[in-house]
Trainee: 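Below: one structure in structure tokens.
Since the structure is predicted, the reported quantities are computational estimates derived from the model, not experimental observations.
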Amino acid sequence: MTDKINEKEITPNQQENTEAVVLSEQQEGIATESNVMKKKDVEAVSKKQVVGKVFVQIGLYAFLIVMALIVLFPFYWMLISSLKTVNEYNASVPTLWPQQFKWSNYAVAFDADGLNLGRLFLNTCIVGIVSTILSLIVTVLSAYAFARLEFKGKNIMFAAMLGTMMIPGELFTITNYVTVAAFQWTNTFTALIVPFLVSVFYIYLLRQNFMQIPNELYLAAKVDGSSDLKYLWKVMIPLSAPTLISITILKMMGAWNSYVWPNLVANDMAHRLITVGLRGASFIDQATQMTDYPAQMAAVVIVTIPLLLVFLFFRKYIMRGVSRSGLKG
């Protein structure tokens, strides 16, 4: 009787609610299991991605290390060769470390026949400093004219200048030499400086930097009564300092490393540059009467050190100046 009374007391609505609760609990259990499976899948995928990134990073760094070794090995070989003896250098089996350090090679490099390193350094510094200063003046004024001034034919002239960058520089050697010979500039510093005062690449680089400076600054300066030269000196040059520093360094390095043109127009000792002097010097070992390649390597190390120091101390300015494309703020 009690069982029958209980069955009668359960109404259809209560039964439906009970079934709904059971069904919802089942659905929640299924959803929980699904979420757990999804979380496990996400964790598995994330682990695979992490492992993949690690292998990619390892491969990338391994590639960079190999490339760095390939690039640095010639400098390492030059340095250790400058400390070897002549016999060790000419041995059939090369050594990766000097068996006997011969520091006297650097003294021999200064006293080599036909090589006056002090005079060569002085000539190269004169040409490098003077040509850099004059080239900066030409580059700044030209870039300012193409970036801010308005005159007829500006775009056509600039396009024509850019077109000359497509012509290899070697093709200008003959015409430049004929011009220098006509002016009787051979064996003078003028022949080493004047033909390369204008660099279209530097003008283009600085012009693009100038064009990133807001024009409102120029208009405000004109309202205040500032001249173009004052605006250039007070505003544009300070804002473009990284690019100007990079141009200065690149120009100095170009003057220091030039060989073909100085060898063609100024091959006397009074105007000879350091690259030409190294090529024409005679390195003969008096004991063996053989070419003293270690002493020659020592001279190359001495010549390379200034450029290496310049690059190490100013590399951030070179990268910042070349890659800079706008102003922050």
Side-chain angles (χ1 to χ4, degrees), residues 67-129 131 169-170 173 186-187 189 191-192 196 249-315:
M67 291 297 103
L69 292 176
I70 293 175
V71 172
L72 295 176
F73 183 77
F75 296 95
Y76 171 75
W77 186 257
M78 175 185 68
L79 184 61
I80 64 170
S81 297
S82 67
L83 298 173
K84 293 180 179 180
T85 61
V86 177
N87 293 330
E88 184 181 357
Y89 183 88
N90 293 325
S92 58
V93 180
T95 57
L96 295 178
W97 189 257
Q99 297 176 357
Q100 179 183 355
F101 288 89
K102 190 177 180 183
W103 297 98
S104 60
N105 289 333
Y106 288 88
V108 174
F110 278 94
D111 298 330
D113 295 336
L115 182 65
N116 187 349
L117 279 180
R119 182 65 187 181
L120 296 177
F121 269 107
L122 179 61
N123 293 343
T124 307
C125 289
I126 292 174
V127 173
I129 294 173
S131 63
E170 289 77 7
T173 303
T186 55
N187 291 326
F189 287 124
L192 297 170
F196 301 100
I249 297 171
L250 294 175
K251 180 63 179 177
M252 283 292 297
M253 294 175 65
W256 193 273
N257 291 324
S258 60
Y259 172 76
V260 175
W261 181 253
N263 188 43
L264 187 64
V265 300
N267 202 14
D268 62 327
M269 181 54 68
H271 304 91
R272 186 178 298 173
L273 299 189
I274 201 163
T275 51
V276 180
L278 283 178
R279 183 66 180 85
S282 177
F283 294 88
I284 302 297
D285 185 25
Q286 300 299 326
T288 60
Q289 294 299 315
M290 299 172 61
T291 302
D292 194 351
Y293 289 108
Q296 191 173 25
M297 289 293 181
V300 175
V301 171
I302 295 172
V303 173
T304 306
I305 286 176
L307 287 183
L308 184 62
L309 294 177
V310 168
F311 179 77
L312 289 177
F313 285 106
F314 296 100
R315 65 186 184 278

Trainee: Could you tell me which non-hydrogen atom of S82 sits nearest to which non-hydrogen atom of N105, and how far apart they are?
Mentor: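 Taking every non-hydrogen atom into account, O-ND2, 2.8 Å.
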
Trainee: So how far is it from I80 CD1 to W97 CH2, rounded to the nearest 0.5 Å?
Mentor: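 Those atoms lie 8.0 Å apart.
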
Trainee: Tabulate below the donor-acceptor pairs under 3.5 Å that side-chain atoms of residues 67-78 make, not counting sequence neighbours, or state none.
Mentor:
residue, atom, partner, partner atom, Å
Y76, OH, L96, O, 2.4
W77, NE1, S81, OG, 3.4

Trainee: Atom CZ in R272, atom CG in L192: separation rounded to 0.5 Å?
Mentor: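 Spacing of CZ (R272) from CG (L192) equals 12.0 Å.
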
Trainee: Just by modelled atom types, is the H271 backbone N or O under 3.5 Å from a matching donor or acceptor in the N187 side chain?
Mentor: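 Answer holds: no.
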
Trainee: Are C125 and W256 packed together at the side-chain level, in the sense that at least one heavy-atom pair is separated by less than 4.5 angstrom?
Mentor: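 In short, these two side chains touch, coming nearer than 4.5 Å.
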
Trainee: Got a donor-acceptor contact below 3.5 angstrom from the Q99 side chain to the E88 backbone?
Mentor: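 No; judged by distance alone, with no hydrogens or angles, the pair does not exist.
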
Trainee: Going from CH2 on W261 to CG on L273, what distance comes out if it is rounded to the nearest 0.5 angstrom?
Mentor: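 With rounding to 0.5 Å, CH2 (W261) is 12.5 Å from CG (L273).
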
Trainee: I need the I274 CD1 to N123 CG distance, nearest 0.5 Å.
Mentor: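 Output value for this atom pair is 9.5 Å.
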
Trainee: Identify all side-chain donor-acceptor contacts of residues 293-312 below 3.5 Å with residues at least two apart in sequence or on another chain.
Mentor:
residue, atom, partner, partner atom, Å
T304, OG1, V300, O, 2.6

Trainee: For Y259, does its backbone N or O pair with a side-chain atom of N263 as donor and acceptor, under 3.5 Å?
Mentor: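 Between the backbone of Y259 and the side chain of N263 there is no qualifying donor-acceptor contact (under 3.5 Å).
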
Trainee: For S258, does its backbone N or O pair with a side-chain atom of T275 as donor and acceptor, under 3.5 Å?
Mentor: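 Yes, the answer is positive, given that a donor and an acceptor are paired below the 3.5 Å cut-off.
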
